Chemist: 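Handing you this structure, nothing more for now.
Here, residue 1 is the first one in the sequence, and each next residue gets the next number. As the structure is a prediction and not an experimental result, all values here were calculated from the model.
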Amino acid sequence: MNFALLGDDPTTIPLVTAIAAHPAHQLTRAALVGEATLSAMLQIVPAVSVADGWEEWVSSPVVDTVIVVGDDDAVLEAARKLAAAGRSLMILPVASQGLAFVYELTLIRDDALVVLCPAFLPRFEPAVVALKALIEAGELGQLMHLQFERTHSSTDDSGSPPLVSQSEIDEVLLQDVDLLRSLGGNYSRVTAVYSGKVSDRVSMAQVTLAGEDMAEASWSLKTTQPGPLWKLVAAGERRTVVLTREDPLSPIQLDADDIDVSQLLPQSARDPIDRLLENCATMQKGEPAAPDWTDLTQAFELVDAARRSVRRRRTIDVYFETASERSVFKTQMTAVGCGLLVLTFFAVLVVLVIGTLFKPNDTVMLILRGLVFLPLVLFLLLQVLLVVTRASTGDHSSSEKNHSDE
């Protein structure tokens, strides 16, 4: 595939390197890229064409998929227009892109039938693939719970307690939630608690994920001194397996209490970025793939639910209704219907007052009654438009797409 890079993020350099080294892929275009990222990219792919604008990509035959990075407004607007024009996108998800942006792309996908590939790289780490295989093979017995512990090392030398902001919590939670979903299942209940709050920052965040007939997952972010970046404990009836990542650049380590995992990793030891590119190529062919756009949408919805849980101080149920013309129509009609019922009630009271105080003749009263109920009748007639709205095209079910992890 021919890729184009849209947006600026230095963390995309390993992806650029993998594309340049791949015999079937190449990076041909770039736009809205910062100077530091551009300099590093040109050292890897000197022949890439760099431009200030992206408009030519809409019809360019040398661009198959656009890699969208960052949350800049210009980048997000360009992504919407490129998707609407039928250009496939690879989205490097960050929480600051926002759930509204994800929903907009979902509607565009249903309208333009465009391929949207999420880039959740941790899913493709060999250790994660091996753990998923162990869970699915029943090697852990029944999975009892998942415990994800992440640390945040402060670089502040002022001596004040290390704290994290809501945006920092959201960014790491988005990636971690997808990892937990890939191992535990489609969680639908979220309970979040923040501790040690100072102004708009906290010293610890805890999120619990639950669902019907699945192992509960707990996630925590703590401010601490430098140490392992995160640790994930998968506890089963028969044994416990631990994933550990020391720092962002090191591979994830897999350890088990009574299993020699060394024989599991080599068969899954392909580079995670190569697996990601293969997953997107599979989606381009219209075949089942994991993760797909539904996985990205649900990860964003769980992060949003965690924010609401903290604000409302209760557990939030997430129903995962896929955004589509039909769901938007239902939502709008529900809101309009509630408003009309309230207005009709007050309009009836007004008509009764007019009839009592001014005693108009029967013809005037008949007209007034008709005007009161006419909007409600028209609203009910509009419901037949539901049959012309489109449901979401959806993605293949997870049970059909696990072959992408094999």
Chemist: Among Asp71, Asp170, Asp72, whose side-chain hydrogen bond (donor to acceptor under 3.5 Å, both in side chains) with Ser96 holds?
Modeler: Asp71

Chemist: Let me see the working for Val58 and Leu82 under side-chain contact (heavy atoms from CB on, under 4.5 Å), right down to the final yes or no.
Modeler: CA-CA 6 Å; Val58 172; Leu82 287 167; 3.9 Å; yes

Chemist: Between Arg239 and Glu139, does at least one N-O distance fall below 4.0 Å, as a salt bridge requires?
Modeler: yes

Chemist: Salt-bridged, Glu278 to Arg275, with N to O below 4.0 Å?
Modeler: no

Chemist: Do Gln298 and Val177 touch side chain to side chain, with heavy atoms closer than 4.5 Å?
Modeler: no

Chemist: Under 4.0 Å between a side-chain nitrogen and a carboxylate oxygen: does that hold for Glu55 and Lys81?
Modeler: no

Chemist: Using a 6.0 Å cut-off, check whether atom CD of Glu212 has over 12 heavy atoms from anything other than its own residue.
Modeler: no

Chemist: Does Pro126 reach the side chain of Pro272, with side-chain heavy atoms less than 4.5 Å apart?
Modeler: yes

Chemist: Judged by modelled atom types alone, do Glu301 and Tyr103 share a side-chain donor-acceptor pair under 3.5 Å?
Modeler: yes

Chemist: Is there side-chain contact between Val62 and Arg29, with at least one heavy-atom pair below 4.5 Å?
Modeler: yes

Chemist: Look only at the side chain of Ser39 and the backbone of Ala36, and say whether a donor-acceptor pair between them is shorter than 3.5 Å.
Modeler: no

Chemist: Say whether Ser309 and Thr191, considering side chains only, have a donor N or O and an acceptor N or O under 3.5 Å apart.
Modeler: no

Chemist: Determine, stepwise, if the pair Phe300 / Leu296 fulfils side-chain contact (heavy atoms from CB on, under 4.5 Å).
Modeler: CA-CA 6 Å; Phe300 269 87; Leu296 181 142; 3.7 Å; yes

Chemist: Taking atom types as modelled, find out whether Thr65 and Gln284 have a side-chain donor-acceptor pair closer than 3.5 angstrom.
Modeler: yes

Chemist: For the pair Thr17 (side chain) and Ile13 (backbone), establish whether a donor and an acceptor sit closer than 3.5 Å, ignoring hydrogens and angles.
Modeler: yes

Chemist: For Leu232, run the side-chain contact (heavy atoms from CB on, under 4.5 Å) check against Leu146, Val242, Leu254, Thr244 and tell me which one passes.
Modeler: Leu146

Chemist: Within the distance-only criterion (no hydrogens, no angle test), does the side chain of Asp247 pair as donor or acceptor with the backbone N or O of Ser250 below 3.5 angstrom?
Modeler: yes

Chemist: For Val336 and Leu340, run side-chain contact (heavy atoms from CB on, under 4.5 Å): C-alpha distance rounded to whole Å, both residues' side-chain angles, the deciding distance at 0.1 Å, then the answer.
Modeler: CA-CA 6 Å; Val336 172; Leu340 276 179; 4.1 Å; yes

Chemist: Answer yes or no: is there a side-chain heavy-atom contact under 4.5 Å between Val50 and Val33?
Modeler: no

Chemist: Does the side chain of Val372 reach to within under 4.5 Å of the side chain of Leu368, using non-hydrogen atoms?
Modeler: no

Chemist: Any side-chain to backbone donor/acceptor pair from Gln43 onto Ala40? Under 3.5 Å, distance only.
Modeler: no

Chemist: Dump the intermediate steps for salt bridge (charged side-chain N to carboxylate O under 4.0 Å, His left out) on Glu149 and Lys222, then the final yes or no.
Modeler: CA-CA 8 Å; Glu149 298 176 353; Lys222 301 177 182 179; 5.5 Å; no

Chemist: Is Arg313 atom CZ crowded by more than 12 heavy atoms from other residues, nucleotides or ligands, each under 6.0 Å away?
Modeler: no

Chemist: With a 4.5 Å limit on heavy-atom distance, are the side chains of Leu107 and Glu104 in contact?
Modeler: no

Chemist: Donor-acceptor pair, Gln97 side chain versus Leu92 backbone, under 3.5 Å?
Modeler: yes

Chemist: Just verifying a value: how many Å separate Lys231 NZ and Glu246 CD, rounded to the nearest 0.5 Å?
Modeler: 11.0 Å

Chemist: Determine the minimum heavy-atom distance between Val75 and Val69, stating which atoms define it.
Modeler: CG1-O, 3.5 Å

Chemist: Determine whether a donor-acceptor pair (N or O, by modelled atom type, separation under 3.5 Å) exists between the side chain of Glu171 and the backbone of Ala95.
Modeler: yes

Chemist: Identify the heavy atoms of Trp219 and Ile169 that sit nearest to each other, and give their distance.
Modeler: CH2-CG2, 4.1 Å

Chemist: Drop me the distance from His22's NE2 to Asp271's CG, to the nearest 0.5 angstrom.
Modeler: 10.0 Å

Chemist: Output yes when a side-chain donor or acceptor of Tyr187 lies under 3.5 Å from a complementary backbone atom of Ala215, and no otherwise.
Modeler: yes

Chemist: Find out whether Val102 and Ile91 are in side-chain contact, i.e. whether some heavy atom of one side chain is under 4.5 Å from a heavy atom of the other.
Modeler: no

Chemist: With a 4.5 Å cut-off on side-chain heavy atoms, are Lys197 and Leu163 touching?
Modeler: no

Chemist: Donor-acceptor pair, Arg87 side chain versus Val63 backbone, under 3.5 Å?
Modeler: yes

Chemist: Without hydrogens or angle criteria, can the side chains of Arg245 and Gln253 be said to hold a donor-acceptor pair below 3.5 Å?
Modeler: no

Chemist: Applying side-chain contact (heavy atoms from CB on, under 4.5 Å) to Leu221 and Val207, what does each step give before you reach the verdict?
Modeler: CA-CA 9 Å; Leu221 173 64; Val207 178; over 6 Å; no

Chemist: Calculate, to the nearest 0.5 Å, the distance between atoms CG and CD belonging to Leu180 and Gln147 respectively.
Modeler: 11.0 Å

Chemist: Between Arg123 and Asp295, does any side-chain N to carboxylate O distance fall below 4.0 Å?
Modeler: yes

Chemist: Taking Asn2 for its side chain and Leu27 for its backbone only, find out whether a donor-acceptor pair lies under 3.5 Å.
Modeler: no

Chemist: What is the distance from atom CD of Glu125 to atom CG of Leu243, rounded to the nearest 0.5 Å?
Modeler: 9.5 Å

Chemist: When you compare the side chains of Gln166 and Tyr194, does any donor N or O come within less than 3.5 Å of an acceptor on the partner?
Modeler: yes

Chemist: Who are the ring pair (Phe, Tyr, Trp, His ring centres under 6.0 Å) partners of Phe3, not counting sequence neighbours?
Modeler: His25

Chemist: Measuring from Leu382:CG to Leu378:CG, what's the distance to the nearest 0.5 Å?
Modeler: 7.0 Å

Chemist: For Gln175 versus Pro93, what's the shortest heavy-atom pair and its separation?
Modeler: NE2-O, 3.3 Å

Chemist: Tell me the closest heavy-atom pair linking Val310 and Val193, and the distance in Å.
Modeler: CG2-N, 4.4 Å

Chemist: I need the minimum non-hydrogen distance between Pro118 and Asp292, along with the two atoms involved.
Modeler: CG-O, 3.2 Å

Chemist: What is the minimum heavy-atom distance between Ala305 and Val190, and which atoms define it?
Modeler: CB-CG2, 3.9 Å

Chemist: I need the Arg238 CZ to Leu143 CG distance, nearest 0.5 Å.
Modeler: 13.0 Å

Chemist: Any donor-acceptor pair under 3.5 Å linking the side-chain atoms of Thr37 with those of Asp8?
Modeler: yes

Chemist: Any chance the side chains of Trp230 and Thr151 put a donor and an acceptor closer than 3.5 Å?
Modeler: no

